[in-house]
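In this text, all values refer to a predicted model and were calculated from it rather than measured experimentally. By convention in this document, chain letters (A, B, ...) are assigned in the order of the sequence lines, proteins followed by strands, and residues within each chain are numbered from 1.
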2 protein chains.
Amino acid sequence: MAGTRWLDEREMRAWSGFLAASALVNRRLDQQLKEDAGLSHPQYEILVRLAAAPDRELRMTELANGLINSKSGLTYQITQMEKAGLVRRRSCPSDVRGVFAVLTGAGLARLEEAAPGHVATVREVLVDVLTPEQLDALADGLGEVGRRLREQGA
Amino acid sequence: MAGTRWLDEREMRAWSGFLAASALVNRRLDQQLKEDAGLSHPQYEILVRLAAAPDRELRMTELANGLINSKSGLTYQITQMEKAGLVRRRSCPSDVRGVFAVLTGAGLARLEEAAPGHVATVREVLVDVLTPEQLDALADGLGEVGRRLREQGA
DNA sequence: CACGGGTTGTTCAAATTCGAACCGACAGTT
DNA sequence: AACTGTCGGTTCGAATTTGAACAACCCGTG
């Protein structure tokens, strides 16, 4: 591997834009959620995914693969959320090792309470800032980026 | 504020794509840097910004505002990097409170050593995955997103 | 010169993160 | 049934992050 192919100006703009937006948006969302609903962003994500799942429950591993944190990080968060009454653990009948995380009524209520403010912030910081064309470019481009990382990383 | 304007399908695709890509790309970069150069991503960013600064030094506050972490987080990182010999602290002559972080020779060397692998990874996970049009859309759209968050947040 | 408001960087405790090690359990083979 | 390799989740320790509180200091005003 001889000379490095450095980034040209266009590439650099895209890269640093992505990096900055990524950091800033995440921080902002975390703040908003914590203030308005007492949830961290990871916790909110967990609630969303559970609410969308059949029977409102998912295996730990499935949740972890979503994207959030490592396995151990998930264990920690679920433990916290269980203390807060937002989820409940249920052991899998067909596999003693398996554990389901189940959304509780309180969890669902908390999510529904937090969602409007969250969506509003998402619009404010990202969605409503972009043109429809940019939205599509993001969806297509970053969708592919995510897909590759998921495959390759697995 | 009556009904919430939820995200339509296009917006949702863009949003979740952004979120997933953001998390996955960051994690990947962190891994690569840590393995190949023994640097965390925040540390790498600090090196880059110092290397680009006049006299290779910046005030703590300027570094913190860049985007990375909170003030206290920066203090911690700089302390770590100082122990590793990558940077040095220099107190500001005109303002006793002020502190400059100065890039050392070892710090610059470490950066030059790490850069090729880093850039290659950036290409692999993001830049080379996108079309030129998508790169421009990212740069323009996310650039604006970042700009707004910086102003508003300040 | 004294005063008050805002700045600078650090310190502190608490929360969160990660990877590596671990244990019990599954499944396929012999 | 014993053996081996793999999987699912938890536990552990170390590293990192954050916001709030703090101490010292700058500056414009009176």
Salt bridge A:Glu9-A:Arg13, side-chain N to carboxylate O under 4.0 Å:
no
Would you check if the side chain of A:Arg89 reaches a backbone N or O of A:Phe100 as a donor-acceptor pair within less than 3.5 Å?
no
Within this structure, what is the CG-to-P distance between B:Asn26 and C:dT17, rounded to whole angstrom?
14 Å
Can you name the salt bridge (charged side-chain N to carboxylate O under 4.0 Å, His left out) partners of B:Asp36, sequence neighbours left out?
none
What's the CD-P distance between B:Gln43 and D:dA15, to the nearest Å?
12 Å
Ring geometry between B:His118 and B:Tyr44 (parallel below 30°, tilted from 30 to 60°, perpendicular above 60°)
tilted
Separation of B:Leu63 atom CG from C:dT10 atom C1', in whole Å?
16 Å
Measure from NE2 on A:His41 to C1' on C:dT17 and round the result to the nearest Å.
16 Å
Looking only at atom types and distance, does a side-chain atom of B:Thr121 sit under 3.5 Å from a main-chain N or O of B:Leu29, one as donor and one as acceptor?
no
Whichever of B:Ser40 and A:Thr61 has its nearest DNA chain D nucleotide further upstream toward 5':
A:Thr61
Could you tell me the separation between the CG atom of B:Asn65 and the C1' atom of C:dT7, rounded to a whole number of Å?
12 Å
What integer distance in Å separates A:Arg59:CZ from C:dA25:C1'?
12 Å
From CD of A:Glu62 across to P of D:dG8 the rounded distance in Å is 10 Å
When the distance from CG of B:Leu39 to C1' of D:dA15 is rounded to whole Å, what number comes out?
15 Å
Under-3.5 Å N/O pairs linking protein and nucleotides 19-22 of chain C:
| from | atom 1 | to | atom 2 | distance (Å) |
| --- | --- | --- | --- | --- |
| C:dG19 | N7 | A:Ser72 | OG | 3.2 |
| C:dG19 | O6 | A:Ser72 | OG | 2.9 |

Going by heavy atoms closer than 4.0 Å, what residues in residues 76-97 of chain B are next to DNA chain D?
B:Tyr76, B:Gln77, B:Gln80, B:Asp95, B:Val96, B:Arg97
Winner on side-chain proximity to A:Asn69, out of C:dT11, C:dT17, D:dT17, is C:dT17
Between B:Arg5 and A:Asp128, is there a side-chain N and carboxylate O pair less than 4.0 Å apart?
yes
Between CG on residue A:Leu130 and CG on residue B:Leu142, distance to nearest 0.5 Å
6.5 Å
Please answer whether the main-chain N or O of A:Ala37 pairs with a side-chain N or O of A:Arg110 as donor and acceptor at a distance below 3.5 Å.
yes
Find the distance between CZ (B:Arg97) and CE (B:Met60) and round it off to the nearest 0.5 Å.
14.5 Å
